[in-house]
Every structure is written in structure tokens, then in C-alpha cells.
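Let me begin by presenting the structure, written as C-alpha cells, before commenting on it.
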Amino acid sequence: MENNLLSLSTLDKEDFDYLLTRALELKQRHKQNISDLPLAGKTIGLIFEKPSTRTRVSFEVAASQLGGSSIFISSRETQMSRDEPIKDTARVLSGYLDCLVIRTYAQEIIEEFNNFSTIPVINALTDLYHPCQVLSDLMTVVEYKNRYKGLKIAWVGDGNNVANSWVNTAGILDLNLVLACPENYQPDPEIMKNALAAGKGKIKIVTDPGEAVESADVIYTDVWASMGQEEQLEKRKKLFKPFQLNSKLVSMAAKDAIIMHCLPAHRGEEISDKVMEGEQSVIWDQSENKLHMHKAILETFL
Ligand code: CP
Ligand code: NVA
């Protein structure tokens, strides 16, 4: 395992299995009020250039529950906003902190931080990837289905950062990933090519959401316009309409299919209120599991 988590493509099956097992174990221990303090005396820094509710709060709580502390660094309030270079900021912060958790735009920004940091750098979302999200999602899949091997995962909607991280995952684990996305809104072609070449799981892109959800074990959707794409929303709303996760689409899947969404959701756009609140939705456990997986990630990478 590398000393950073910039994308899931640097993990192997053993790394995934280790993190999944440890996150499930940490969740059980937390429910039993057993403390684990591997981060005692350690401080993690969170640099967020985009908004966040779940990822920010769960990483901060994760650090605190593991005996460490966290500092939230809004880039607007640092010298980064006055063009201090990333390579200088990364070296300075490495002298104070034990880990950097970063949410930003271009993947190149987090790579630059990593190149000049001497501490682990964790990707808390970029335009290209959302690795921590998919790790915790996989934990939820294992909780509900007792395995991930061979499961059919249907992605419905935009081939965005979360979708790209699912594609990475299906290159490494034995999954059957079918992504239904409008043309021109499909996962990154380079990421697809590499995952297909790695060849562990099956990965297919289709344009018919019905084909993706048919006999799926897991159905996943996400917003139609990600952070930074807000001005495209009106155009996307028209194009993505047939990709709404509603009761009709869900009825085409297996009866025990679970419904997932990384949140925040826009009810009435990518998902209907009925499906979000319905019996097959595991969305609230999914969001809770970010805490437990982030604890496993911090413990492992620190
Ligand atoms: N799912 C997720 O990353 O949510 P936040 O944007 O609230 O962190
Ligand atoms: N694809 C979404 C995920 C939010 C957690 C975005 O990037 O805005």
C-alpha cells in the first residue's frame, strides 16, 4: 500500500479486504463503547476547497474518536488564497501535521500536495475521484449482502468522480459493474481502459438504465451536476430525466436490491423521494459508515 490515498487504483484486493474488515470491526467496537486510540498525539489537517457535510464531519469525528485531533483549514483563509504555491504549503504543513485530508478540484492539485508532503495525503474528493466514499460504500454493501464478490452493481446517472472510483474498484475486485449514463456523460475513458486491462471484475457502460438495474444487487445514483458544474444543471436535467431512480426503475431490479446514494441528494431529480425513503434504501447506514471507514483509513495510513 502506498503512503497516500489519491485514488483506489493504488490499492490491491488485500488492501480493500483489510480496510473493509477493519472498518466493520471498528464499527462494532464503537457500538460496544470500546475505545481505540491509535491517533493519540496525532493531528490531521483538512484542506477543503469545496463544501462538505459528511466527509468533513466524519473525518473530524474519526480523528477525535481515535484519540487524535483535527484542524479544518479553509483554503480561503490561508495564504493559498494569496497564491502561496502548493509545493511550499505542503512542505510547511508537513512540519506541523501528521496527515492531510484534501477536497479540491483538479486531481493534479492533490498530486502536487502529495509530491511535496512528507505526511500521508488522503483524497476527500476531487473532480476525478471520491475514493473514501466508495470504500465506505463497499463496507455498506458487505454489511447488507455479506460479500462483494460477483455482485451486480448498477450505477445510474452521471459518470462522475464517484462513478470513476467504482470503475477503479471493479478493476481490482470481482464485481459486475454496469453503468447507465447518457452519451458524453460516461466515466473517464482512461480510467475505464486501465480498469478493463486490470480485468478483475466485469465493467460495462450502457445508455439504458433498465439494462443496468435488471437483476442488480445494488443500485447507486448520484447528483446530475457535481460541485463545480452548477451552471450545467438546467441542460443536464433534460438529458438525465430518463435516468431518474424512481419506483418504476427500481421495480425492474431484484426485490432485495439495495438503493444507495452518496448524498447530498436532490429529490425529484436523480432520485424520487419515495425511493429514498423506501424499504430498499440503505442511504442512512451508508452515510454513517463513512465515519467507520474513515477511522480505518486514518489508522491504516498513519
Ligand atoms: N458524500 C459526501 O462526500 O458528502 P459531503 O459532500 O457532505 O462530504
Ligand atoms: N459527485 C458529487 C459527489 C458529492 C459527494 C460531487 O462531486 O459533487
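One-based numbering, in listed order, for ligands and for the atoms of each.
Less than 4.0 angstrom separates some heavy atom of L263 from each of these atoms of ligand 1: 1 (N), 2 (C), 4 (O). Those atoms of ligand 1 with a heavy atom of T53 less than 4.0 angstrom away are 5 (P), 7 (O), 8 (O). Ligand 1 places these atoms under 4.0 Å from at least one heavy atom of K290: 1 (N), 2 (C), 3 (O). Near Q133, meaning under 4.0 Å from any of its heavy atoms, are these atoms of ligand 1: 1 (N), 2 (C), 3 (O). Listed by number with element, the atoms of ligand 1 under 4.0 Å from a non-hydrogen atom of H130 are 2 (C), 3 (O).
Atom CD1 of residue I110 and atom CG of residue N123 lie 4.0 Å apart, to the nearest 0.5 angstrom. The line from CG of D158 to CH2 of W224 is 10.5 Å long, rounded to the nearest 0.5 Å. A distance of 11.5 Å separates CG of L138 from CD of Q133, quoted to the nearest 0.5 Å.
Remark: distances from the non-hydrogen atoms of R103 to ligand 1 include one below 4.0 Å.
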TODO: In sequence, state the C-alpha distance, the side-chain angles, and the governing distance for K290 and D137, and then conclude on salt bridge (Lys or Arg N to Asp or Glu O under 4.0 Å).
DONE: CA-CA 8 Å; K290 285 173 72 80; D137 295 341; over 6 Å; no

- [ ] Dump the intermediate steps for salt bridge (Lys or Arg N to Asp or Glu O under 4.0 Å) on D36 and K295, then the final yes or no.
- [x] CA-CA 10 Å; D36 292 279; K295 286 168 80 173; over 6 Å; no

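In this structure, R56 forms no cation-pi arrangement with F48, as its terminal cationic atom is not both closer than 6.0 Å to the ring centre and no more than 45° off the ring axis.
Summarising the local packing, CD of E183 is surrounded by 12 or fewer heavy atoms from other residues, nucleotides or ligands at distances under 6.0 Å. More than 12 heavy atoms of other residues, nucleotides or ligands lie within 6.0 Å of NZ in K152, so this atom counts as buried by the packing criterion.
In this structure, Y185 has its ring center closer than 6.0 angstrom to the ring center of F240.
Of all the heavy atoms of K50, none lies under 4.0 Å from any atom of ligand 1, so neither backbone nor side chain is involved.
Between M227 and ligand 1, no N or O atom pair is found at a separation short of 3.5 Å.
Through direct or indirect side-chain contacts shorter than 4.5 Å among Ile, Leu, Val, Met, Phe, Trp and Tyr, M227 is connected to L125.
The only option from T300, L135, V121 that meets the side chain to side chain contact (heavy atoms under 4.5 Å, CB included) definition with L5 turns out to be L135.
What sits closest to atom 4 (O) of ligand 1 on the protein, heavy atoms only, is R54 NE, 2.9 Å.
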Need the list: ligand 2 N/O atoms against protein N/O atoms, distance under 3.5 Å, rounded to one decimal.
unit_1	atom_1	unit_2	atom_2	d
ligand 2	1 (N)	N160	ND2	3.3
ligand 2	1 (N)	N161	OD1	2.9
ligand 2	1 (N)	D222	OD2	2.7
ligand 2	1 (N)	S226	OG	2.8
ligand 2	7 (O)	N161	ND2	2.8
ligand 2	7 (O)	S226	OG	3.4
ligand 2	8 (O)	M227	N	2.8

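The heavy atom nearest to atom 3 (O) of ligand 1, out of those in D137, N161, T55, is found in T55.
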